[in-house]
Amino acid sequence: MLRLEQRPQPSKTMLYITPILAVLATMVLGGALFLAMGINPFDAIYLLFIDPFTDSYNLSQLFVKASPLILIAMGLSIGFRAGVWNIGAEGQFIMGAISGGAVGLALWGSTGWWILPLMAVAAALGGALWAMIPAVLKIRFNANEILVSLMLVYVAENLLAQMVQGVLRNPEGMGFPESRNLARNEPTALPDVFDPLGIDAGGVVMLVLLAAAFFLLQKHAMGFQIKLTGESPRAARFAGVKPGVIIAVCLGISGAAAGLAGLFELTGAAGKLTIDFPVGYGFTAIIVAFLGRLNPVGILLAGVVLAGTYIGGENAQFALKLPAAAVTVFQGMMLFFLLGFEILINYRVRRVVR
Amino acid sequence: MSTLLEINGLSKSYPGVKANDDISFAIQEGEIHALLGENGAGKSTLVKMIYGLVKPDEGQMVLNGAPFAPAKPHAARASGVSMVFQHFSLFEALTVAENITLGMDDAPNRKELSEKIRAVSEDYGLPLDPDRLIGDMSVGERQRVEIIRCLLQNPRLLIMDEPTSVLTPQEVDTLFGTLRKLSANGVAILYISHKLDEILALCDHATILRMGKVVDTCTPKDETAKSLAEMMIGGELEIHAETAFMPGAEALEVKGLTLISADAFGTSLKNVGFTLRKGEVLGIGGVAGNGQDEILAVLSGEAKVGAEMVRLNGEGVGQMGPNERREKGLLSAPEERLGHAAAPMMSLSQNAFLTGRIRKGLAPGGVMKTRKTNRFARDIIEKFDVRTPGIHVAAKALSGGNLQKFVIGREVLQGPEVLVVNQPTWGVDAAAAASIRQALRQLAASGAAVIVISQDLDELMEMSDTFAVLSEGQLSKPQPAEGLTIEEIGLMMGGDLEGTHHAEA
């Protein structure tokens, strides 16, 4: 029989190497999968993992995809540090897009530099308020935030469907269930900043917030309390940390970040609200957060890698007739390997003779 | 009566501690045999070996004339040894009969079992309805379920681990009646306790353990609470309060403090009251689990009580959280070093910040002052002789003694007006323990008030100006430590809170 035994001293080096190992293992097992499907594994791996970072058109798409992932993952990682498991970023992403988008649509025809910032504030608030539902339920009734936040994703999706068929529908859209295109209206469109890498105003905000998160976790007493709560709840209470405050702050930050990401997606890459506006960034960001070791710098790198698999996956769909689900399989595989290796850092496998 | 179980030279070691050292004694058929000792004396390890949960390193057991070495509790039960644990293993959502079925190796059908449960429970005066849900039952009733579960297997030896710690006095009477009936029917009972009056009232024989060894055996009938206490604590207790104690102004007053414990197995505090003056060291003795953790939580601010129940320098602070109290000068150091007083994976520097933030001004306006924090951590390490490579080492990498010096040093160097420490030298080597005690005495000499909660009577007698005992959530009236006799302390620990009064009578 095999048994897991705790290691006395987990290796620090391995802690940083495992994300890379997880990516490599995903390539190997993914390659085997392609081989079984009758596709040349080397071509596929090249398209998925290398091409996105070498081809200039692909590079121009990189941060368009990476920015929302990193922004959401940054917010989630703060909660994950405290043991607050917000799994519903996808819902907060949608609510941010709806609230920010609604402000933009209400001001349709007005001009002014203040419109886009106002939309961003509305989006952050929308996402944060949506995340306050699991926060309040957890603080008041000790309801599991994983379940509540996840369920609210489906509520948000239905709300979105209602909105695009109702009040937010484009009056000149011939009845199609979609909003006006905010990216084609100068006051509400997200300006580009650095085209070759696909960095727009949203990307800049993302980088600023990432730096803020780094500061919060490294230098601020609140960040210390968040980390302390995750590591040792009893010591946290002894240190005077109020658990309710931590829950509200963590869910609030991650909801606001996801809401902002939703708005940037809406006013940038997507342009308009449609039923299939959400593409799963809220869930993929969970992988980004863990692949990045819940560390702001790691998340930046992990976000770029995951964005690459999105771009590579799309290309592989054309070039190799790969099914769209293959990308999801790949991302899932990466998380699986990462968590698996993580166990092996902290535990070793021992043979037990009965 | 013939010998049922003979234990010959059982030993068991864990890293760093010899839990049981060459233990031998015998249990006769049908006798109620007490296993007496303070917490940590090795009682639990010993019964776990008898019940097949722990394998002895050395020694043998003989049951009914045949070698007995159970590899699992299952084997022990098959040989007629059953055990009722302090903590029950019952499913609240299931009925009594369903719970009992789950634990049985070959369960009869429901109807038959229900009848059996009724019959056995009536025989032994433990009325129990097989169809009731566990969730609806009191703790005493749940214990009955555990006992009946054991009795259905017709044990020859029943082990009871501190069975009365969760019972009301009335329930204790019922339980004793049952145990006497069992004993009359030839079932031997191994009764683990540290409550002297219970052992005097119930047991035929007693084996006394101290620090893993059998130190004495006796017939409780021929003993008194005094003599039992002496055997349990050890007679070599030295009492000396060295310096003349000159109490200053009142620093802390606790009055009418009552707290229902948040933990199901915790102890509720009942009407605790005392006054602490500047320069005074109050020693609180008593066996662990009698409300020590709760007292610390109430004083640290982790548990909130009525504002006026705890008064610091005349101000009601019972409603304040830990940091507000720190600001006012009331600091504390809990018993559990890793995971309560310190965060295991965080560095010493971060752990210095953990409680030092307020008084040391380590994060004015929320931004952490790293250099100032590091300086504070280095200061603790230097002044309290903490052996560590540096301030960036994780707390869990330190030995128990070194981490304890760090934890105590962290509080002492913040210049508290009142410091509360729980088990300051528990699991700490002798040299570190001595330096911790000295630091606390010095703190008191400099005018602070100190509360030391400890199980170590030697330590308390060495340090305290005044002394009180916690027993089942009640605190005896603090008395000058000087002149207290071991008998008086022993009686107070056994639950007799007016110790001196009775000793004179």
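Throughout, a chain's letter reflects where its sequence line sits, starting with A, and its residues are numbered from 1.
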> When heavy-atom pairs shorter than 4.5 Å are enumerated against chain B, which of Gly240(A), Ala236(A), Ala235(A) gives the highest number?
Replying inline: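 The option with the most such pairs is Ala235(A).
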
> Got Pro334(B) and Phe238(A) here, is their nearest side-chain heavy-atom distance under 4.5 Å?
Replying inline: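 They are in side-chain contact.
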
With a 4.5 angstrom heavy-atom cut-off, which part of [X] approaches chain A: side chain, backbone, both or neither?
| X | result |
| --- | --- |
| Gln350(B) | both |
| Arg325(B) | neither |
| Ala342(B) | backbone |

Winner by heavy-atom pair count (cut-off under 4.5 Å) against chain A, out of [options]:
| options | value |
| --- | --- |
| Ala394(B), Ser332(B), Gly301(B) | Ser332(B) |
| Lys369(B), Glu324(B), Arg326(B), Glu336(B) | Arg326(B) |
| Ser300(B), Ala341(B), Gly366(B), Gly321(B) | Gly366(B) |

Should we say atom [atom1] of [X] is surrounded by more than 12 heavy atoms from elsewhere, each under 6.0 Å from it?
| X | atom1 | result |
| --- | --- | --- |
| Phe341(A) | CZ | yes |
| Met132(A) | CE | yes |
| Phe215(A) | CZ | yes |
| Lys48(B) | NZ | no |

> chain A contacts: which residues in residues 356-365 of chain B have a non-hydrogen atom closer than 4.5 Å to it?
Replying inline: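 Arg357(B), Ala363(B), Gly365(B), listed by number.
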
> Under a 4.5 Å heavy-atom cut-off, does chain B meet the side chain of Gln225(A), its backbone, both or neither?
Replying inline: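 Just its side chain gets close to chain B.
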
> Could you give the distance from CZ (Arg237(A)) to NE2 (His340(B)), rounded to the nearest 0.5 Å?
Replying inline: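 Here the rounded value is 8.0 Å.
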
>> What's the separation between atom CG in Leu354(B) and atom CZ in Phe224(A), rounded to the nearest 0.5 Å?
In response: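 Leu354(B) CG to Phe224(A) CZ: 4.5 Å, rounded to 0.5 Å.
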
> Sub-3.5 Å donor-acceptor pair from the side chain of Ser232(A) to the main-chain atoms of Ala343(B), do we have one?
Replying inline: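 Here the side-chain-to-backbone pair does not exist.
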
>> Using side chain to side chain contact (heavy atoms under 4.5 Å, CB included), reason through Met346(B) and Glu231(A) one step at a time and then give a plain yes or no.
In response: CA-CA 8 Å; Met346(B) 286 188 164; Glu231(A) 200 209 306; 3.1 Å; yes

